[in-house]
K.L.:
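Submitted below is the structure of interest, expressed as C-alpha cells.
Note that the structure is a prediction, hence the values are computed from the model and not measured. Throughout, residue positions are numbered sequentially from 1 according to the sequence presented.
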Amino acid sequence: MLSVNNVTVYYGSALALKDVSLRVDEGEIVAVLGPNGAGKTTLLRAIFGLVKIRGGSINFMGRDIHKLPPYSIAKSGISLCPERRRLFPEMTVLENLEMGAYMRKDKGEIMKDLKRVFELFPVLEERRNQKAGTLSGGEQQMLAIARALMSRPKLLMLDEPSLGLSPLIKGRIFKSVEEIRNEGITILLVEQDAFSALRIADRAYVLEVGRVVLEGRSKELVANEQVKKAYLGV
C-alpha cells in the first residue's frame with residue numbers, strides 16, 4: 001500500500017532523515033520506534049507532504065505522492081493524527097469531527113462514520129456539544145483519532161497517540177487502534193512506548209538519528225537484545 005524509498009529530508013542544513021525506506025502492506029499495523037529526535041515525526045510529515053523530501057520517493061496505492069500537496073495526499077486516502085492532538089479547542093467535539101470530513105460531500109456516509117466513531121469512543125458522543133479544549137487528555141486523543149477517521153482513510157498515520165496518558169487510558173487507545181485495523185484500515189504507528197506498540201503491530205522499524213537501524217516482525221524485535229536494552233527496559 002505504502003512504500004517509502006530512500007527518503008532524505010533536511011531542515012535547512014540539518015539532516016533529519018537519511019535514505020529511509022519502509023513499506024506498509026494493506027491491513028497491517030506497522031510501528032515506527034525510536035528515541036526523541038530520531039526523525040519519526042519528520043517521516044510522517046514527509047509522507048503527508050508537510051515537509052519536502054530532498055531525495056528518494058514515496059508511493060501510495062501505486063502512485064507517487066511525494067510531489068503532491070497535503071490536501072491531495074489526504075484525498076488519495078491518507079489521514080494523519082498529529083502529535084499533541086492539534087484540535088480546534090474552541091470548537092465543540094462535533095464541530096471537530098465535522099472538520100475531519102470537510103473534503104467530503106457524501107452527507108449520508110458522513111453520518112454513518114460519525115455513528116461509527118461514537119461507537120468506537122462512546123465518551124465523545126456524551127461530550128459532543130462540549131468544547132474540545134475542556135476535554136481530558138485521553139478524551140482529546142480519542143477525538144483526534146476520531147477526527148482523522150472522519151476523512152474515511154485507507155491509511156491512518158498516528159503520531160505518538162499515547163503521549164502523556166495514564167496507563168489505563170493508554171491501554172484503551174491501543175485497544176481502539178486494534179479495532180480500527182480490524183475494520184479494514186491500515187495503520188502506520190509512531191510511538192515511543194515500544195512495548196505497547198510491538199504488542200499490537202505486525203512489523204516495526206527502529207529509527208535512530210534519522211536512519212533505519214532495525215526492522216522486522218514485532219515478535220522478532222521483542223526478542224532482539226538491542227531493542228530489549230534500549231526500548232523495553234529489559
Side-chain angles (χ1 to χ4, degrees), residues 1-25 28-60 63-70 72-74 76 78-86 144 148 155-164 177 186-218 220-234:
M1 176 178 276
L2 175 75
S3 60
V4 175
N5 309 297
N6 300 311
V7 162
T8 296
V9 173
Y10 282 85
Y11 288 120
S13 60
L15 181 65
L17 296 175
K18 175 65 174 175
D19 292 331
V20 169
S21 296
L22 63 78
R23 80 172 201 278
V24 181
D25 295 332
E28 284 191 309
I29 297 177
V30 174
V32 179
L33 313 175
N36 282 333
K40 303 186 302 297
T41 293
T42 298
L43 173 61
L44 296 191
R45 289 173 59 83
I47 294 168
F48 205 62
L50 295 171
V51 295
K52 297 299 181 184
I53 67 174
R54 191 77 65 89
S57 64
I58 302 171
N59 184 283
F60 178 66
R63 179 188 183 193
D64 286 332
I65 62 170
H66 53 277
K67 294 182 180 179
L68 298 178
S72 294
I73 293 172
S76 75
I78 299 178
S79 186
L80 171 63
C81 180
E83 184 181 8
R84 300 189 185 278
R85 283 78 112 174
R86 307 291 183 181
L155 172 66
L156 174 63
M157 301 195 300
L158 299 171
D159 194 356
E160 303 282 9
S162 76
L163 185 66
V177 172
T186 304
I187 295 171
L188 180 58
L189 169 67
V190 158
E191 183 57 56
Q192 278 198 333
D193 184 342
F195 182 81
S196 295
L198 289 173
R199 184 181 60 80
I200 66 169
D202 299 289
R203 296 184 299 106
Y205 295 80
V206 179
L207 278 182
E208 290 183 2
V209 201
R211 293 172 171 83
V212 174
V213 295
L214 283 171
E215 63 178 277
R217 301 202 65 80
S218 295
E220 297 168 356
L221 292 180
V222 167
N224 182 284
E225 291 300 322
Q226 182 180 344
V227 173
K228 283 182 178 181
K229 290 177 182 178
Y231 302 106
L232 302 181
V234 177

K.L.:
What's the spacing between Glu28 CD and Ile187 CD1 if we round to 0.5 Å?
P.N.:
11.5 Å

K.L.:
With side-chain contact (heavy atoms from CB on, under 4.5 Å) as the criterion, how do Leu17 and Thr8 come out once you've worked through the C-alpha distance, each side chain's angles and the decisive distance to 0.1 Å?
P.N.:
CA-CA 5 Å; Leu17 296 175; Thr8 296; 5.8 Å; no

K.L.:
Please find the pair of heavy atoms, one from Ala201 and one from Ala31, that lie closest to each other, and give the distance.
P.N.:
CB-CB, 3.9 Å

K.L.:
Is there side-chain contact between Arg63 and Leu68, with heavy atoms separated by less than 4.5 Å?
P.N.:
yes

K.L.:
Apply side-chain contact (heavy atoms from CB on, under 4.5 Å) to residues Ile58 and Leu2 and explain how you reach the verdict.
P.N.:
CA-CA 7 Å; Ile58 302 171; Leu2 175 75; 4.0 Å; yes

K.L.:
Decide yes or no for Leu22 and Val212: does some side-chain heavy atom of the first lie under 4.5 Å from some side-chain heavy atom of the second?
P.N.:
no

K.L.:
Regarding Asp19 and Asn6, do their side chains bring together a donor and an acceptor under 3.5 Å, going by distance alone?
P.N.:
no

K.L.:
About how many Å separate CD of Glu208 and CG of Leu214, when rounded to the nearest 0.5 Å?
P.N.:
7.5 Å

K.L.:
Measure across Leu207 and Ala38 and return the closest heavy-atom pair with its distance rounded to 0.1 Å.
P.N.:
O-CB, 3.3 Å

K.L.:
Taking side chain as C-beta onward, heavy atoms only, is Arg211 less than 4.5 Å from Leu15?
P.N.:
yes

K.L.:
Quick one: do Arg217 and Asp202 satisfy side-chain contact (heavy atoms from CB on, under 4.5 Å)? Show the steps, please.
P.N.:
CA-CA 6 Å; Arg217 301 202 65 80; Asp202 299 289; 4.1 Å; yes

K.L.:
For a 4.5 angstrom cut-off between non-hydrogen side-chain atoms, does Ile47 reach Leu188?
P.N.:
yes

K.L.:
Any idea which heavy atoms bring Cys81 and Ala148 closest together, and the distance?
P.N.:
CB-CB, 4.1 Å

K.L.:
Rounded to the nearest 0.5 Å, how far apart are OG of Ser76 and CD1 of Ile78?
P.N.:
4.5 Å

K.L.:
Evaluate the criterion side-chain contact (heavy atoms from CB on, under 4.5 Å) for residue pair Leu50 and Leu80; output intermediate values, then yes/no.
P.N.:
CA-CA 11 Å; Leu50 295 171; Leu80 171 63; 4.0 Å; yes

K.L.:
To the nearest 0.5 Å, how far apart are OG1 in Thr42 and CD1 in Ile53?
P.N.:
13.0 Å

K.L.:
Is any side-chain heavy atom of Leu33 closer than 4.5 Å to a side-chain heavy atom of Leu198?
P.N.:
yes

K.L.:
Side-chain contact test, heavy atoms from C-beta onward, threshold under 4.5 Å: evaluate it for Val190 versus Leu43 and give yes or no.
P.N.:
no

K.L.:
Using every non-hydrogen atom in the two residues, find where Arg54 and Gly12 come nearest and quote the distance to one decimal.
P.N.:
NH2-O, 3.5 Å

K.L.:
What's the spacing between Arg23 CZ and Glu215 CD if we round to 0.5 Å?
P.N.:
8.0 Å

K.L.:
Is there side-chain contact between Val209 and Lys18, with heavy atoms separated by less than 4.5 Å?
P.N.:
no

K.L.:
Kindly state each residue pair satisfying salt bridge (charged side-chain N to carboxylate O under 4.0 Å, His left out) with at least one member in residues 31-52, sequence neighbours excluded.
P.N.:
Lys40-Glu160

K.L.:
Check Phe48 against Ala74 and note the closest heavy-atom contact, atom names and distance.
P.N.:
CZ-CB, 4.0 Å

K.L.:
What's the separation between atom OG in Ser3 and atom CD1 in Ile65, rounded to the nearest 0.5 Å?
P.N.:
9.0 Å

K.L.:
Between Ala197 and Leu189, what is the shortest heavy-atom contact and its length?
P.N.:
CB-CD2, 4.1 Å

K.L.:
Considering only heavy atoms from C-beta outward, does the side chain of Leu44 approach that of Val32 to under 4.5 Å?
P.N.:
no

K.L.:
Under a 3.5 Å cutoff, is there a donor and acceptor pairing between the side chains of Thr41 and Asp159?
P.N.:
yes

